[in-house]
> 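Take this structure, written in structure tokens, and hold onto it; I'll ask about it next.
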Amino acid sequence: MPQYWLMKSEPDVFSFEDLKSRPGSASLWDGVRNYQARNLMRDQMKKGDLVLFYHSSCAEPGVQGLAEVVSEKAVPDPTQFDEASEYFDPKATKEAPRWFCVKIGYREPFRQAVTLAAIKEEAALEDMLVRKRGQRLSVQPVEAVHFRRICEMGGVS
DNA sequence: GCCAACGTTGGC
DNA sequence: GCCAACGTTGGC
């Protein structure tokens with residue numbers, strides 16, 4: 001049974017289209033430096049899980065389409081070891097990595113984006129984490145019923 | 001272990 | 001650009 005997730009990205013930094021244009025239409029979800037998000041990726045996410053790709057910090061925040069977890073499990077985030085990277089972490093070692101990430105693959109665009117405004121107007125989505133104000137977690141678990149409803153709203157079955 | 005200060009997120 | 005909410009840091 002796949003699980004469902006919502007993953008936030010700023011489109012100026014890494015958009016849904018960017019994911020599509022990557023080699024193999026897949027990319028490591030690196031650069032996450034939040035322990036809760038790390039733990040979800042490291043301990044919960046499995047190959048085949050489906051992901052709502054969400055654009056944040058932009059004119060129309062919302063879900064753009066579907067992605068999926070393509071790595072078998074989480075791997076150490078290579079940017080933590082890279083001194084030239086803005087995500088370099090001097091306290092991380094190869095023997096004891098601090099940050100983990102999964103690989104995400106492009107799956108399918110929505111016919112129309114499901115905006116945060118639309119999510120907030122939909123009674124069936126009342127309990128979604130992304131609706132909660134002050135919810136900053138960039139990797140969020142999504143209930144199956146909510147996932148299916150978002151897909152319907154996006155014009156994808 | 002507390003908690004104030006600070007930095008970041010992210011909608012608006 | 002504002003600012004509320006939240007996470008992290010570091011002195012004690």
Side-chain angles (χ1 to χ4, degrees), chain A residues 3-22 27-45 49-69 74-104 106-107 109-143 145-156:
Chain A
Q3 290 181 276
Y4 304 101
W5 307 94
L6 179 147
M7 296 175 97
K8 296 182 193 172
S9 189
E10 297 182 24
D12 293 349
V13 178
F14 189 78
S15 70
F16 191 50
E17 284 301 309
D18 290 335
L19 177 63
K20 184 181 183 182
S21 62
R22 282 296 180 94
S27 175
L28 277 182
W29 202 260
D30 57 15
V32 173
R33 294 295 179 266
N34 170 283
Y35 288 107
Q36 230 182 317
R38 177 203 68 180
N39 292 348
L40 289 172
M41 287 197 283
R42 186 189 60 187
D43 305 334
Q44 305 281 136
M45 294 182 88
D49 284 358
L50 294 172
V51 174
L52 302 172
F53 196 112
Y54 180 91
H55 281 177
S56 65
S57 292
C58 56
E60 280 232 303
V63 179
Q64 306 302 304
L66 299 181
E68 66 186 310
V69 178
V75 298
D77 180 339
T79 64
Q80 70 192 303
F81 309 123
D82 178 4
E83 285 190 50
S85 168
E86 61 176 312
Y87 301 118
F88 176 66
D89 184 342
K91 292 184 179 167
T93 64
K94 293 270 171 73
E95 294 71 31
R98 178 181 287 197
W99 304 108
F100 291 81
C101 60
V102 293
K103 194 172 203 178
I104 295 298
Y106 184 90
R107 190 172 169 117
F110 281 174
R111 292 185 63 222
Q112 63 273 342
V114 179
T115 64
L116 180 61
I119 290 171
K120 287 183 169 175
E121 282 172 10
E122 174 58 43
L125 301 176
E126 191 179 357
D127 297 330
M128 274 194 87
L129 287 177
V130 74
R131 270 178 63 154
K132 298 223 163 70
R133 96 180 249 238
Q135 178 52 265
R136 308 190 309 181
L137 192 59
S138 64
V139 177
Q140 303 181 355
V142 173
E143 290 179 30
V145 285
H146 294 158
F147 180 86
R148 285 192 284 270
R149 184 72 191 110
I150 295 273
C151 288
E152 282 175 14
M153 292 164 72
V156 159

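Because the structure is predicted, anything quoted here is derived from the model rather than measured. Proteins get letters first, then strands, A, B, ... in listed order; numbering begins at 1 in each.
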> Is a salt bridge present between A/Asp77 and A/Arg33, judged by a nitrogen-to-oxygen distance below 4.0 Å?
yes

> Within this structure, what is the OH-to-P distance between A/Tyr87 and B/dT8, rounded to whole angstrom?
12 Å

> What residues form a side chain to side chain donor-acceptor pair (under 3.5 Å) with A/Asp82, not counting sequence neighbours?
none

> Could you tell me whether A/Lys132 contacts a base, only the sugar-phosphate backbone, or nothing, with contacts defined as non-hydrogen atoms closer than 4.0 Å?
nothing

> Can you check the A/Glu86 CD to B/dT8 C1' distance for me, whole Å?
13 Å

> Rounded to whole angstrom units, what separation is found between the CZ atom of A/Arg33 and the P atom of B/dG7?
20 Å

> Would you mind telling me which of B/dG10, C/dG7, C/dT8 lies closest to the side-chain atoms of A/Ser56?
B/dG10

> Taking only the side-chain heavy atoms of A/Leu116 (C-beta and beyond), determine which of B/dT8, B/dG10, B/dC12 contains the nearest atom.
B/dC12

> With the side chain of A/Arg133 defined as its heavy atoms from C-beta on, choose the nearest nucleotide among B/dG11, C/dA4, C/dG7.
C/dA4

> Once side chain to side chain donor-acceptor pair (under 3.5 Å) is applied, what residue pairs with a partner in residues 49-60 of chain A remain, sequence neighbours excluded?
A/Trp5-A/Asp49

> In whole Å, what is the span from the CG atom of A/Asp89 to the P atom of C/dT9?
9 Å

> Which listed nucleotide (B/dG11, C/dT8, C/dG7) is nearest to the side chain of A/Pro61?
B/dG11

